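Note: hydrogens, waters and symmetry copies are ignored here, and every other heavy atom, side chains too, is used. Here the structure is a predicted model, which is why all the values come from computation and not from measurement.
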Amino acid sequence: SDGALRVKYRPAVEPIVVEIPEPKPWSLPAHLVEAVCEAKFGVGERWADVRGRVAKQLLAGKTVIAKADALGVDPAPGVQKVLQLRFVPKHFLTYKADVTTSSEAAIQMESLTPWYFRTVRELAGVSHKEYWKALGSIGKSGKVMSRPSGSSLYFTACDRFIMKTISACELAALMAMMPGYVEHLEGNPRSYLPRYLGAYRLRRP
């Protein structure tokens, strides 16, 4: 018989890494700035520590631009660089879990920014029980679609939710936009933006 989806969480301490390509702008709520544990600008083997300047601009409510003249240093003239940030604020903690069913071996699931996504689910009227029951049906629905980009779409049995595989770059972009995204949905409950309900990394132990 089919078993229930069983999830056991445990905290993980890996920082979230976001890379902002030159000359893209980026911002972060002031209350999260203190969680930035590293900020560097460069490429390859040439990097400059810009945490102080980045933190000062963010605390002042300014948008940080990944650009040499804005950051006051150019470690690799003539080459396109990136601004790399590492941070572990409370809302960006990740959780790891062992996920098992009666028919499959355990896999390791890492839930990213669970507080933000839980807020999105609450705003969308999706209960915790309903959400996990739907995710547990993905393997049973048999509905999978491959995209030209190389990603795959997995449909829940109720056809209400879709799980999509994404690249590391797409994941970083999603993590970077979460603070502003949630703030927008809280202020605009009828927004036409899609509702991202969760982000996970899945691995077999």
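With rounding to the nearest 0.5 angstrom, the CG atom of L197 is 13.5 Å from the CZ atom of R118. Here CG of L85 is found 9.0 Å from CD of E38. Values are rounded to the nearest 0.5 Å. The distance from atom CZ of R86 to atom CD of E19, rounded to the nearest 0.5 Å, is 8.5 Å. D74 contributes atom CG, which lies 9.0 Å from atom CZ of R46 (distance to the nearest 0.5 angstrom). Taking OG1 from T119 and CD from E186, the interatomic distance works out to 6.0 Å, rounded to the nearest 0.5 Å. Taking CD of E130 as the reference point, atom OG1 of T156 lies at 9.5 Å (rounded to 0.5 Å).
Closest approach of R195 to S191, counting heavy atoms only: NH1-O, 2.8 Å. Between Q57 and T63 the shortest heavy-atom distance is OE1-O, 4.2 Å. Between Y181 and Y196 the shortest heavy-atom distance is OH-N, 2.8 Å. Between E22 and A68, the closest heavy-atom pair is OE2-N, 3.7 Å. P75 approaches G42 most closely through the heavy-atom pair CG-CA, 3.8 Å. Between A134 and C158, the shortest heavy-atom contact is CB-SG, 4.3 Å.
Put simply, L71 and V43 are part of two different groups of oily side chains (I, L, V, M, F, W, Y) that touch within less than 4.5 Å, one to the next. Clustering ILVMFWY residues whenever any of their side-chain heavy atoms sit less than 4.5 angstrom apart, transitively, puts L123 in the very cluster that holds M177. Residues V17 and V82 fall into different hydrophobic clusters, defined by Ile, Leu, Val, Met, Phe, Trp and Tyr side chains chained together at heavy-atom separations under 4.5 Å. The same ILVMFWY cluster, assembled from side-chain heavy atoms under 4.5 Å apart, contains both L83 and V73. In the hydrophobic cluster analysis, where Ile, Leu, Val, Met, Phe, Trp and Tyr join through side-chain heavy atoms closer than 4.5 angstrom, Y116 is grouped together with L171.
By the 30° and 60° cut-offs, the orientation of the rings of Y131 relative to F161 is perpendicular.
No donor-acceptor distance shorter than 3.5 angstrom exists from the side chain of N188 to the backbone of R190, with no hydrogens or angles considered. In this structure, the side chain of R121 does not engage the main chain of V126 through any donor-acceptor pair within 3.5 Å. Put simply, the side chain of R53 never gets that close to the backbone of R51: no donor and acceptor are under 3.5 Å apart. Remark: the backbone N or O of T165 is not paired with any side-chain donor or acceptor of S152 at under 3.5 angstrom. With hydrogens and angles ignored, the 3.5 Å screen pairs no side-chain donor or acceptor of Q84 with any backbone N or O of K40.
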Kindly determine whether L174 and M178 satisfy side chain to side chain contact (heavy atoms under 4.5 Å, CB included), including the steps that lead there.
CA-CA 6 Å; L174 177 63; M178 284 307 295; 4.1 Å; yes

Let's go through W47 and K81 carefully: what are the C-alpha distance in whole Å and the side-chain angles of both, what is the deciding distance for side chain to side chain contact (heavy atoms under 4.5 Å, CB included) to 0.1 Å, and is it a yes or a no?
CA-CA 9 Å; W47 295 89; K81 295 163 285 291; over 6 Å; no

